[in-house]
Amino acid sequence: QLTTGETGVYLVVPLLGALAVICTYGLGVKLHSRTTGVIAAALLATSPIVLFQIVQPMSDVPVTAWWALSLYLALATSRASAIGAGLAASMALLTRPNLLPMLLAVAAALVAPWLAATPRVRLGRVAFAAAGIVPAMAAVLFLQWHLYGNPLFSGYGTFSELFALSTIAPNARGYAARMVTGEGPALILALASLIVLAIVPRPRATQPPSYPVTKVRLLLWVGCCAAVSVCYLPYAVFSEWHYLRFLLPAFPLTFVVIGALLLDALTLLPQPARGIVLAAAITAACSFNINHASREQAFNLRRYDARYRLTGRYLDAVLPDQAVVLAVQQSGSIRYYAHVPIVRWDLIGTDLDGTLATLTALGRHPFVLIEDWENFGPDYDRTLMAWWRNFAEAWPELQRDSSSEFYRFWRYYLLRCAGFFRSRQGQLWQLVLSRVDRPGVYRSWRPAEPQQLGWMTQREAANGGQGC
């Protein structure tokens, strides 16, 4: 923050995203060829879930970058690279400790047969890597012990609260569906390549391409996929598309395998057609990815999340030094910009009056004046019905990328909420608050519409207000 200001924290994820792309290229080069590296890097750089997460200050892209870097360094031959692989893995564990099983894939890369000829050398490479990993693991265990009283506990809850065997099957179906939806072009390239390799005969004069790392490539890929699956299949079930982000650490090697399959299949085509087919396939896949990311609003997140900075800066300008803010979703941004204590009202464990009494006893006195209190719940009924009509009209196009469960969920949600406000069981209030020392008079604004007729009934409104 000293060098880049408030934008510094938001640069970390894009920079590590670039590192993930570079390391994916490096993995492709080491495990197959430079062209494979370019294909894998292009698929990762345009992956919809990567484009969606790379502009958010979350740990999914950074942990992917650290594991990709660790695997890349583990495939080098020097002692320094083995130590670097351990240090990169330690950064990954500090970023997201639950991905500890990924160390098995790193260990497999460290003992790859063409890198270390003797068991003693392989063991030495693992030892050098462990020198960089153990301090990070110790730091994580100590931090969790210090914060939660047990080195195996985390702030998310206990193991039994987080994981269950009953979630494996629904998560397997859910993540498979998200892969088809989010990474369809890459999967089509892989499937088409396998079909070509299976049915197109290879000329006798040519031999299949031989790479000494084919088995290692598949072993590393299976290891990464297995590690991620062990971590997230027994985890909680989420229905949203963007939870595909949990699988990101396996994406670099997945795209390397797809790139290798594509190149092997292209060797069965005539030489002049190979470059044309490759360029067309990658261009089409990347274009589809970017278009899908756009439909998922990946390029509108900046405008959407600007409200956090706007609210935080406003409160920083108007709040006194002794202020306390009650918030939930905006608690972090308000704390960052306004530098005032935050009370999470969803975690206070008591009613609002009790919380205000406690704050008053601590010398934090309420100071806001309610200038206006508007209830527009019935208007929100009309808003929800408009959303439902828009959703129903757009469904023929949306259903190509969505399930019937998605349709039923939003139909139920929108119509239920509309009925909630139409029945007057639910209210939607808008309050205008000001400081008690604010000069002048606040004048509220109401639109001059037929609906703004006080408490008259619909029949009375139709009669011009008679009978009110």
Least distance between heavy atoms, Leu261 atom then Ser193 atom: O-CB, 3.5 Å
Could you tell me whether the side chains of Asn98 and Tyr235 share a donor-acceptor contact shorter than 3.5 Å? no
Would you say His242 and Ile49 make side-chain contact, with heavy atoms under 4.5 Å? yes
Taking the side chain as everything from C-beta on, heavy atoms only, tell me whether Val325 gets closer than 4.5 Å to Leu319. yes
Return all side-chain donor-acceptor pairs below 3.5 angstrom for residues 128-148, not counting sequence neighbours, or 'none' if the list is empty.
residue: Gln144; atom: NE2; partner: Pro151; partner atom: O; Å: 2.6
residue: Gln144; atom: NE2; partner: Phe153; partner atom: O; Å: 3.1
residue: Tyr148; atom: OH; partner: Gly155; partner atom: N; Å: 3.4

Can you see which heavy atom on Thr36 is nearest to which on Ala260, and at what distance? CG2-N, 3.7 Å
Within this structure, what is the CZ-CG distance for the pair Arg96 and Leu248, rounded to the nearest 0.5 Å? 8.5 Å
Classify the angle between the aromatic ring planes of Phe288 and His292 as parallel (below 30°), tilted (30 to 60°) or perpendicular (above 60°). parallel
Which atom of Tyr232 lies closest to which atom of Tyr175, heavy atoms considered: O-CE1, 4.0 Å
Assess, by modelled atom type and distance only, whether the side chains of Trp221 and Thr254 contain a donor and an acceptor separated by less than 3.5 Å. yes
Taking the ring centre of each residue, are Phe406 and Phe409 less than 6.0 Å apart? no
Tell me which donor-acceptor pairs under 3.5 Å the side chains of residues 268-280 have, and how far apart each pair is, sequence neighbours excluded?
residue: Gln271; atom: OE1; partner: Arg274; partner atom: NH1; Å: 2.8
residue: Arg274; atom: NE; partner: Leu266; partner atom: O; Å: 3.2
residue: Arg274; atom: NE; partner: Leu269; partner atom: O; Å: 2.9
residue: Arg274; atom: NH2; partner: Thr267; partner atom: O; Å: 2.8
residue: Arg274; atom: NH2; partner: Leu269; partner atom: O; Å: 3.2

Using the rule given for side chain to side chain contact (heavy atoms under 4.5 Å, CB included), can you reason through Val222 versus Leu219, listing the C-alpha separation, both sets of side-chain angles and the distance that settles it, and then say yes or no? CA-CA 5 Å; Val222 171; Leu219 176 64; 5.7 Å; no
Report the relative orientation of the aromatic rings in Phe52 and Trp241; use parallel for angles under 30°, tilted for 30 to 60°, perpendicular for over 60°. perpendicular
Please round to the nearest 0.5 Å and tell me the distance separating atom NZ of Lys30 and atom OH of Tyr25. 11.5 Å
A side-chain contact here means heavy atoms from C-beta on lying under 4.5 Å apart; do Val228 and Trp67 qualify? no
Only distances under 3.5 Å count here; give the side-chain donor-acceptor pairs of residues 37-46 to other protein atoms, sequence neighbours excluded, each with its distance to 0.1 Å.
residue: Thr46; atom: OG1; partner: Ala42; partner atom: O; Å: 2.8
residue: Thr46; atom: OG1; partner: Asn289; partner atom: ND2; Å: 3.3

